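Comments concern the structure below.
Remember, predicted model here, so these are calculated numbers, not experimental data.
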Amino acid sequence: MNLFQKTVQRENQGRPPVWFMRQAGRYHSHYQELRKRNSFIDLCKIPEVACEATLGPIRDFDFDAAILFSDLLFPLEVMGMGLRYDEGPKLDWHLRELSDLKKLSSGKHLAEGLLFQARALELIRKALPSEKGLLGFVGGPLTLYCYAVEGSHQGDLDSARLGIQDGRFQGFFEMLCELLVENMVLQAQAGADVVAVLDTCAGEFDFGTYEKNIVPDLAIVLKKFKERCPQTPVVYYSKGTGPDHWKSLKGLPISCMGLDWRHDISQVLSDWNEQWAIQGNIDPHWLFLEPKELEARLRSVFAKVQQLPQSFRRGWICGLGHGVLPKTPEANVKLFLKLQKEIFS
């Protein structure tokens with residue numbers, strides 16, 4: 001097993017691995033050069049180009065794991081909602097009424113329209129050094145639902161909230177489920193060491209709604225996936241959630257919990273290290289600080305983690321609490337990696 005895999009299994013006795021969400025993205029000169037020659041859609045859908053986009057940060061920053069360069073909204077496209085990128089993702093229509101569910105296509109056969117992700121993963125796996133980990137990913141059912149209704153995961157999400165009660169969420173989930181599972185399976189079979197489920201909308205709903213309406217459907221997806229890929233761990237990242245949310249996930253087949261930046265990582269490792277591997281969770285905004293200030297803050301966080309018993313951090317995957325932001329200085333990304341390896345090696 002590579003370092004990343006060992007850590008997901010909470011068996012790492014050495015330096016914690018590092019990877020960042022959106023480590024291949026607009027801040028990176030390698031991505032910018034690729035983007036000059038390719039549309040965003042082509043970056044995702046041409047496997048050779050997606051492979052190159054994925055590998056750039058590994059070469060330039062020496063992250064310990066690569067994550068497939070893609071987008072979590074493609075299942076909505078194959079379900080019939082259309083998808084284009086014009087200053088961000090745009091759907092052709094939104095799930096505004098219960099009757100709109102009739103416009104959607106469903107079934108695992110739709111995953112044939114997502115095979116470009118599996119093919120990219122196969123290429124990445126062949127090109128990636130054996131000591132590096134590889135993540136596939138999908139959007140969580142709730143997050144995909146919010147995009148289907150609102151076209152975004154931001155704003156008041158009033159229609160999405162109403163749809164939890166009027167049947168749109170459950171109807172959407174029933175049409176999405178087999179497709180999402182099949183997509184995860186195809187990624188695992190293509191060589192992903194883990195499949196991440198990214199639920200950036202999780203914290204936008206009150207805990208009662210999350211526990212009653214969201215967790216049961218997430219459990220269905222994960223159970224179906226693990227029945228077919230029992231050896232492939234699942235990483236679950238949720239933004240805006242806290243200990244109550246995490247407790248509601250205890251019975252689910254999750255190996256690693258991804259956190260946003262709102263939590264003290266040393267405290268989370270102390271409290272939850274026996275339940276899951278923990279991923280995160282430096283504030284992405286810190287990477288805009290002056291180098292001396294960034295180094296001081298990182299040293300403070302790393303020192304607190306280093307003081308924990310080794311058994312508490314055997315499952316810590318070091319990274320950010322969300323994705324790398326556009327215009328992040330590359331020098332600060334390099335500083336983060338350099339410092340982390342210096343302190344923990």
Side-chain angles (χ1 to χ4, degrees), residues 1-24 54 57-67 128-137 192-196 198 232-239 246 254-284 286-287 294-324 328 332-345:
M1 289 193 293
N2 56 55
L3 178 62
F4 177 74
Q5 288 175 299
K6 287 180 182 178
T7 309
V8 171
Q9 302 289 356
R10 290 180 288 152
E11 297 174 355
N12 179 24
Q13 298 300 317
R15 178 182 64 81
V18 185
W19 78 276
F20 291 173
M21 286 186 280
R22 295 185 192 152
Q23 63 190 28
T54 301
I58 303 298
R59 299 192 198 103
D60 289 356
F61 303 111
D62 198 28
F63 287 106
D64 294 299
I67 182 167
L128 195 65
S130 59
E131 70 271 17
K132 305 293 186 183
L134 178 57
L135 297 93
F137 74 93
D193 294 326
V194 308
V195 176
L198 306 179
T232 303
V234 171
V235 174
Y236 179 70
Y237 169 82
S238 58
K239 181 182 175 186
W246 307 337
I254 294 169
S255 295
C256 177
M257 184 67 64
L259 313 177
D260 70 22
W261 62 92
R262 298 173 178 91
H263 308 280
D264 182 324
I265 189 65
S266 59
Q267 188 63 54
V268 173
L269 288 169
S270 297
D271 294 343
W272 295 87
N273 70 88
E274 294 186 3
Q275 182 69 40
W276 303 294
I278 300 295
Q279 176 181 290
N281 71 330
I282 300 299
D283 188 337
W286 284 15
L287 294 176
L294 173 61
E295 179 171 344
R297 294 195 188 191
L298 290 176
R299 284 189 180 277
S300 176
V301 172
F302 293 163
K304 289 174 69 176
V305 173
Q306 204 168 30
Q307 290 169 7
L308 297 174
Q310 174 63 37
S311 61
F312 283 23
R313 47 191 169 93
R314 63 189 175 182
W316 180 41
I317 298 167
C318 179
L320 304 180
H322 199 234
V324 185
T328 293
N332 278 354
V333 176
K334 291 179 180 178
L335 174 60
F336 187 117
L337 272 289
K338 177 178 179 292
L339 195 63
Q340 197 268 357
K341 292 179 180 181
E342 171 191 312
I343 289 173
F344 288 102
S345 294

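One finds the CH2 atom of Trp19 at 13.5 Å from the CG atom of Leu337 (value rounded to the nearest 0.5 Å). The CD1 atom of Ile67 lies 12.0 Å from the CG atom of Asp193; values are rounded to the nearest 0.5 Å. Between Leu294 atom CG and Asn332 atom CG the span is 5.0 Å, to the nearest 0.5 Å. A distance of 4.5 Å separates CH2 of Trp246 from CG of Leu259, quoted to the nearest 0.5 Å. In this structure, CD in Glu342 is found 7.0 Å from CD in Glu295, a value given to the nearest 0.5 Å. Summarising the geometry, atom CD1 belonging to Ile265 is positioned 10.0 Å from atom OG belonging to Ser270; distances are rounded to the nearest 0.5 Å.
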- Message: Would Leu134 and Lys132 count as a side-chain contact (heavy atoms from CB on, under 4.5 Å) here? Give the steps.
- Response: CA-CA 7 Å; Leu134 178 57; Lys132 305 293 186 183; over 6 Å; no
- Item | Ile317/Cys256 under side-chain contact (heavy atoms from CB on, under 4.5 Å): CA gap, chis, key distance, verdict | CA-CA 9 Å; Ile317 298 167; Cys256 177; 3.8 Å; yes
- How far apart are the C-alpha atoms of Arg297 and Asp283, what are their side-chain angles, what is the distance that settles it, and do they pass the side-chain contact (heavy atoms from CB on, under 4.5 Å) test? CA-CA 10 Å; Arg297 294 195 188 191; Asp283 188 337; over 6 Å; no
- Decide side-chain contact (heavy atoms from CB on, under 4.5 Å) for Ile58 and Gln23; before the verdict, give the C-alpha distance in whole Å, the side-chain angles of both, and the deciding distance to 0.1 Å. CA-CA 9 Å; Ile58 303 298; Gln23 63 190 28; 3.9 Å; yes
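The six-membered or imidazole ring of Phe61 lies away from that of Phe20, with a centre-to-centre distance of 6.0 Å or more. A centroid separation of 6.0 Å or more is found between the aromatic rings of His263 and Trp272.
Annotation for Asn2 and Ser130: closest pair CB-O, 3.7 Å, computed over non-hydrogen atoms. Between Arg299 and Leu339, the shortest heavy-atom distance links the atoms NH2-CD1, 3.3 Å. Residues Gln306 and Ile343 approach most closely at NE2-O, 2.9 Å, considering heavy atoms. The two residues Ala192 and Thr232 have their closest heavy-atom pair at O-CG2, 4.2 Å. Between Thr54 and Ala66 the shortest heavy-atom distance is CG2-CB, 3.8 Å. Scanning both residues, Phe4 and Pro17, for their nearest heavy atoms gives CA-CG, 4.2 Å.
Checking side-chain atoms of Ser300 against main-chain N and O of Ala296 turns up no donor-acceptor pair under 3.5 Å.
The local environment of NZ in Lys6 is sparse, with at most 12 non-hydrogen atoms from other residues, nucleotides or ligands closer than 6.0 Å. Applying the 6.0 Å contact sphere to CD of Glu274 captures no more than 12 heavy atoms from other residues, nucleotides or ligands.
Counting heavy atoms from C-beta on, the side chains of Pro284 and Thr328 never come closer than 4.5 Å. Between Glu11 and Met1, the closest side-chain pair of non-hydrogen atoms falls below 4.5 Å. At a threshold of 4.5 Å between non-hydrogen side-chain atoms, the residues Cys318 and Phe336 count as touching. Taking 4.5 Å as the limit, every side-chain heavy atom of His322 sits out of range of all side-chain heavy atoms of Asp260.
Checking Asn281, Leu269, Val268, Asn12 one by one against Trp316, the side chain to side chain contact (heavy atoms under 4.5 Å, CB included) holds for a single residue, Leu269.
A salt bridge is absent between Lys334 and Asp62: the closest approach of a Lys/Arg side-chain nitrogen to an acidic carboxylate oxygen does not fall below 4.0 angstrom.
Residues Arg15 and Gln340 have side chains that bring a donor and an acceptor to within less than 3.5 angstrom of each other.
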